[in-house]
Amino acid sequence: IIVSDDDGGVSLRPAVYEEFSGVSVPSGWTSEVWDAQAGASTTVNGGQVSLDGTHVSYNTSVGPGTSIEFLATFTAGNFQNIGFTGDPAFNNPWVVIGRGNLVNNNIYARNSNNEIALLGSNLLNAPHTYRIQWLANNAFEFYVDGVLVSTPSITQTVGSNMVVQMSDYPAGGASLSIDWIRISPYTASGVYTSRIFDAGVPQNWGIASWTADVPSGTTLQLSQRQSNSSVAILGASWTSIPSNGASIGGTSQFVQYKADFATSNTSL
């Protein structure tokens, strides 16, 4: 119910969380070459998947209410897109974030009704976090680095299942790379418990501070417990830490913390 996140963080577990930590396309995904192009490749290396003239789709279709979030680096190549498509062959309907046949440096929300909305003009050649929220009413919202972007020109709704797809076309040009991708729903709750910290001798404990992203509809509660015994601490009661930067107080040799996560919106 808890998964590791970027840079040592933790989060609630989504239905799919792929970090591309191996050297091949992970189980549950299928990679194919567009139009049998020479030189096309899908490369998994260093915690990234890079596409050049290929597309990678998730084998299980999803429906309204699903969100996908991904950390990706778009470049100046045409037809670099990540999002929902009618099938692995990119047939209609489709709703994506990326680029079409455009000679510019912009990133757009795009769909199979030929609707397009600018998401940003300074996003290429650097990793950014993007999210497509497929709402229960079959409409779509688009986020860049956690910020909802107004897209009034995107009016297409889709009620049928689609697949999640990452795509780059054609081969031999600039490639598209993805560090991770998540597909909701998230679990409704989860607990992360830290290892037991041993100070060597009793210490006066000071403040506890952390960095967190707690979207609307989600909660996070930090707690701690202390003891002078590494065995007795396992039976000690937890005391909530009221806020980031609060002093936990107390004197002990051993201390441990936990983080309780919950969400009433399983797309987050």
Side-chain angles (χ1 to χ4, degrees), residues 6 20 31-58 67-135 139-158 162-182:
D6 284 345
F20 306 107
S31 175
E32 297 180 292
V33 173
W34 282 122
D35 302 333
Q37 296 178 94
S41 65
T42 296
T43 304
V44 182
N45 185 48
Q48 283 188 333
V49 59
S50 296
L51 312 180
D52 185 8
T54 63
H55 57 122
V56 176
S57 57
Y58 189 58
S67 68
I68 57 173
E69 188 171 28
F70 50 92
L71 179 64
T73 301
F74 290 93
T75 59
N78 292 333
F79 300 109
Q80 295 182 354
N81 295 285
I82 302 173
F84 299 101
T85 63
D87 57 24
F90 219 114
N91 287 312
N92 296 346
W94 51 265
V95 179
V96 299
I97 288 175
R99 296 167 53 77
N101 187 18
L102 301 167
V103 185
N104 60 38
N105 294 318
N106 302 334
I107 296 295
Y108 297 88
R110 308 174 58 237
N111 64 35
S112 50
N113 279 1
N114 295 317
E115 297 171 337
I116 188 169
L118 178 67
L119 297 182
S121 56
N122 297 295
L123 299 173
L124 295 189
N125 303 311
H128 291 275
T129 301
Y130 303 89
R131 178 158 63 95
I132 304 176
Q133 181 66 55
W134 189 359
L135 302 174
F140 297 86
E141 293 178 339
F142 303 86
Y143 295 76
V144 178
D145 294 328
V147 178
L148 174 64
V149 179
S150 177
T151 54
S153 59
I154 301 293
T155 63
Q156 182 179 10
T157 60
V158 180
M162 296 190 284
V163 299
V164 175
Q165 177 155 190
M166 305 169 282
S167 176
D168 174 85
Y169 181 89
S175 61
L176 167 66
S177 62
I178 302 95
D179 290 73
W180 52 257
I181 188 166
R182 305 168 184 165

Contacts of type side-chain hydrogen bond (donor to acceptor under 3.5 Å, both in side chains), residue [X], not counting sequence neighbours:
X	answer
S41	none
T42	S31, T54
E69	none
N78	N101

Among all residues two or more places apart in sequence or in another chain, which pass the side chain to side chain contact (heavy atoms under 4.5 Å, CB included) test with [X]?
X	value
Q156	P93, V95, N111, S112, N113, E115, V158
L118	N106, Y108
N114	none

Which residues satisfy the ring-ring contact (aromatic ring centres under 6.0 Å, His included) test with [X], sequence neighbours excluded?
X	value
F20	none
Y143	none
F142	none

Identify all side-chain donor-acceptor contacts of residues 146-154 below 3.5 Å with residues at least two apart in sequence or on another chain.
residue, atom, partner, partner atom, Å
S153, OG, I116, O, 2.9

Contact summary for [X] and [Y], nearest pair of heavy atoms:
X	Y	value
T75	A174	OG1-CB, 3.0 Å
G53	A40	O-CB, 3.6 Å
N105	A76	OD1-CB, 4.4 Å
L51	S175	O-CB, 3.2 Å

Which residue pairs pass the salt bridge (charged side-chain N to carboxylate O under 4.0 Å, His left out) test with at least one member in residues 76-102, sequence neighbours excluded?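 As it turns out, there is no salt bridge (charged side-chain N to carboxylate O under 4.0 Å, His left out) pair with a partner in residues 76-102 once direct neighbours are skipped.
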Closer than 3.5 angstrom, by distance alone: can the side chain of D52 be matched with the main-chain N or O of G172 as a donor-acceptor pair?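 The answer is yes, because a donor-acceptor pair under 3.5 Å joins these two groups.
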Do any N or O atoms from the side chain of D179 and from the backbone of Q48 form a donor-acceptor pair under 3.5 angstrom?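 Answer holds: no.
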What verdict does the side chain to side chain contact (heavy atoms under 4.5 Å, CB included) test give for V49 and I181, after you've listed the backbone C-alpha separation in whole Å, the side-chain angles of each residue and the deciding distance to 0.1 Å? CA-CA 10 Å; V49 59; I181 188 166; over 6 Å; no
For residues I82 and M166, determine if any side-chain heavy atom of one lies less than 4.5 Å from a side-chain heavy atom of the other.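 SC-SC contact between I82 and M166 confirmed.
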Heavy atoms, side chains only, cut-off 4.5 Å: are F79 and W34 in contact?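 Of all side-chain heavy-atom pairs linking W34 with F79, none is under 4.5 Å.
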Set out, in order, the CA-CA distance, both residues' side-chain angles and the distance that settles side chain to side chain contact (heavy atoms under 4.5 Å, CB included) for F70 and V164, then state yes or no. CA-CA 11 Å; F70 50 92; V164 175; over 6 Å; no
Check the pair W94, Q165 against side chain to side chain contact (heavy atoms under 4.5 Å, CB included), reporting the backbone distance first and the verdict last. CA-CA 10 Å; W94 51 265; Q165 177 155 190; over 6 Å; no
What is the distance from atom CD1 of I132 to atom CD of E141, rounded to the nearest 0.5 Å?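 Atom-to-atom, I132:CD1 and E141:CD are 11.5 Å apart.
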Evaluate L124 against F74 for side chain to side chain contact (heavy atoms under 4.5 Å, CB included), listing each step before the verdict. CA-CA 5 Å; L124 295 189; F74 290 93; 3.8 Å; yes
Residue from I107, I97, L123 passing side chain to side chain contact (heavy atoms under 4.5 Å, CB included) with V144: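 Passing option: L123.
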